[in-house]
Asks: 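Dropping a structure here in structure tokens format, bear with me for questions.
By convention here, the first residue in the shown sequence is residue 1. Read the numbers this way: they start at 1 and go in the same order the structure lists the ligands and their atoms. Computed from a prediction, not measured in an experiment: that's the story for all the values here.
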Amino acid sequence: MNYSVVIPAAGQGKRMKAGQNKQFLQLSSIPLIIHTLLVFEKDPWCREIILVTNQEEKEVMKNLVHDFNLQKVNDYVMGGSERQYSVANGLDAIKDETIVLIHDGARPFIEQAKIHELVLCANETGAAVIAVPVKDTIKKVTESKVETTMERSSLWAVQTPQAFRLSLIKKAHELAKQQSFLGTDDASLVENMNEVVAIVEGDYLNMKLTTPEDLLFAEAILASRKGKE
Ligand code: CTP
Ligand code: MG
């Protein structure tokens with residue numbers, strides 16, 4: 001079952017404190033964004049990759065894609081000031097109705113079998129996201145005081161990829177724009193239309209590299225995978 005994927009990589013990586021966009025940080029001597037792109041390059045179901053980049057980083061990205069001989073990057077789209085706007089620009093580059101995945105450039109460990117499970121689910125339901133049960137107890141806090149303890153059994157940490165019918169997610173982005181609604185992920189824009197979003201249980205290893213210590217975890221994951229090859 002074929003799909004297109006939009007990969008937002010047009011952030012600043014401020015929380016990583018690396019002095020550059022974290023997409024270019026080396027993990028086992030390969031840039032983070034290349035690890036992510038390779039997952040989709042290798043997936044036979046992936047028909048095309050739309051890469052969303054900062055305008056001033058477009059040439060560097062193009063050179064990397066060329067150096068690593070990636071064939072599926074079909075379009076380079078300019079990022080926006082918020083992730084949501086970057087994704088919206090990416091979606092505009094896809095014309096024909098399809099299942100579209102949206103996947104953070106900073107999340108390199110998603111596995112092909114999980115992508116396929118997600119795509120099949122989105123094809124049935126229209127919208128599906130990868131998520132894992134929350135392990136910690138989560139409390140709602142106001143001014144350093146606990147307001148309430150959330151019921152953990154109903155809490156899930158949502159990751160990417162998130163998969164949608166293209167027409168549905170485009171409509172959701174358009175409505176959000178009209179309403180000036182800024183969601184923290186793409187599924188929340190679909191929820192904002194009162195449409196159902198299905199959950200596909202994912203894997204704790206599908207981490208997003210956000211803060212400096214995440215680099216340690218990422219190197220450890222790569223080392224453990226290398227041992228299995
Ligand atoms: N992203 C994007 N456009 C933006 C903001 C983020 O394309 N305006 C991308 C990032 O490049 C990343 C993904 O969305 O691949 C998830 O965002 P996040 O982890 O928050 O990355 P950054 O925004 O780069 O990091 P930070 O928030 O720490 O600055
Ligand atoms: Mg960010």
Asks: Just by distance, do the side chain of His173 and the backbone of Leu189 share a donor-acceptor pair under 3.5 Å?
Replies: no
Asks: Can you tell me the protein heavy atom closest to atom 6 (C) of ligand 1 and the distance?
Replies: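 Ranking protein heavy atoms by distance from atom 6 (C) of ligand 1, first comes Gly11 CA, 3.6 Å.
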Asks: Based purely on interatomic distance, does Gly105 place a nitrogen or oxygen under 3.5 Å from a nitrogen or oxygen of ligand 1?
Replies: yes
Asks: Charged N to carboxylate O under 4.0 angstrom, Glu111 versus Arg225?
Replies: yes
Asks: Taking the six-membered ring of Tyr76, is the NZ or CZ of Lys62 close enough (under 6.0 Å from the centre) and on axis enough (within 45°)?
Replies: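 Ring-cation test returns yes.
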Asks: Report the nearest protein non-hydrogen atom to atom 7 (O) of ligand 1: residue, atom name, distance rounded to 0.1 Å.
Replies: Ala10 N, 2.8 Å
Asks: Among all protein heavy atoms in this structure, tell me which lies nearest to atom 20 (O) of ligand 1, with the distance rounded to 0.1 Å.
Replies: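 Closest protein heavy atom to atom 20 (O) of ligand 1: Arg15 NH2, 2.9 Å.
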Asks: Identify the protein heavy atom lying closest to atom 17 (O) of ligand 1, giving its residue, its atom name and the separation to 0.1 Å.
Replies: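 Here the closest protein heavy atom is Arg83 CD, 4.3 Å.
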Asks: Please list the nearest protein heavy atom to atom 16 (C) of ligand 1 with its residue and the distance rounded to 0.1 Å.
Replies: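 The closest one turns out to be Asp104 OD1, 3.5 Å.
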Asks: In the protein, which heavy atom is nearest to atom 19 (O) of ligand 1, and how far is it?
Replies: Lys208 NZ, 2.6 Å
Asks: Is a side-chain N or O of Arg165 found less than 3.5 angstrom from the main chain of Glu97, in a donor-acceptor match?
Replies: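 No, the answer is negative, given that no donor and acceptor are paired below the 3.5 Å cut-off.
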Asks: Using a strict cut-off of 4.0 Å, indicate which atoms of ligand 1 neighbour a heavy atom of Ser81.
Replies: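 By the 4.0 Å cutoff, the relevant atoms are 8 (N).
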Asks: Which ligand 1 atoms does Ala9 reach within 4.0 Å, using its non-hydrogen atoms?
Replies: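 Those of ligand 1 that fall under 4.0 Å from Ala9 are 7 (O), 11 (O).
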Asks: Numbering the atoms of ligand 1 from 1, which are under 4.0 Å from a heavy atom of Lys14?
Replies: 25 (O), 26 (P), 28 (O), 29 (O)
Asks: Is it the case that the ring center of Phe40 lies less than 6.0 angstrom away from the ring center of His103?
Replies: yes
Asks: For Gly13, is the nearest heavy atom under 4.0 Å from an atom of ligand 1?
Replies: yes
Asks: Please state which part of Glu82 comes within less than 4.0 Å of ligand 1, counting heavy atoms only: side chain, backbone, both or neither.
Replies: backbone
Asks: Do Thr53 and Lys58 meet the criterion of a side-chain donor-acceptor pair at a distance under 3.5 Å?
Replies: no
Asks: Quick one: which ligand 1 atoms are inside 4.0 Å of a heavy atom on Pro8?
Replies: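 Answer, ordered by atom number: 7 (O), 9 (C), 10 (C), 11 (O), 12 (C), 13 (C), 14 (O), 15 (O).
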Asks: Please determine whether a side-chain nitrogen of the Lys or Arg among Asp104 and Arg83 lies less than 4.0 Å from a carboxylate oxygen of the Asp or Glu.
Replies: yes
Asks: Quick test: of every protein heavy atom, which one is nearest to atom 8 (N) of ligand 1, and how far off is it to 0.1 Å?
Replies: Gly80 O, 2.9 Å
Asks: Under 4.0 Å from a heavy atom of Ala106: give me the atoms of ligand 1 that qualify, with their elements.
Replies: 15 (O)
Asks: Going by the order shown, which atoms of ligand 1 are within less than 4.0 Å of some heavy atom of Ser86?
Replies: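 In order of numbering, the contacting atoms are 2 (C), 3 (N), 4 (C), 7 (O), 8 (N).
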Asks: Are any of the N or O atoms of Gln23 closer than 3.5 Å to those of ligand 1?
Replies: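 Yes, there is a polar N/O contact under 3.5 Å.
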Asks: Checking side-chain polar atoms at under 3.5 Å, does Gln162 have a donor or acceptor matched by the opposite partner on Asp185?
Replies: yes
Asks: Salt bridge check, Glu117 against Lys114: does any charged N sit closer than 4.0 Å to a carboxylate O?
Replies: yes
Asks: With a cut-off of 6.0 Å (strictly less than), are more than 12 heavy atoms of other residues, nucleotides or ligands near CE of Met193?
Replies: yes
Asks: Has the side chain of Gln84 got a donor or acceptor atom that lies under 3.5 Å from a matching backbone atom of Gly183?
Replies: yes
Asks: Report the nearest protein non-hydrogen atom to atom 21 (O) of ligand 1: residue, atom name, distance rounded to 0.1 Å.
Replies: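 That would be Lys22 NZ, 3.1 Å.
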Asks: Within a distance under 4.0 Å of any heavy atom of Gln12, pick out the atoms of ligand 1 and give their elements.
Replies: 24 (O)
Asks: When you look at Tyr3 and Asp43, which way does the side chain to side chain donor-acceptor pair (under 3.5 Å) test go after all the steps?
Replies: CA-CA 10 Å; Tyr3 65 85; Asp43 181 2; 2.6 Å; yes
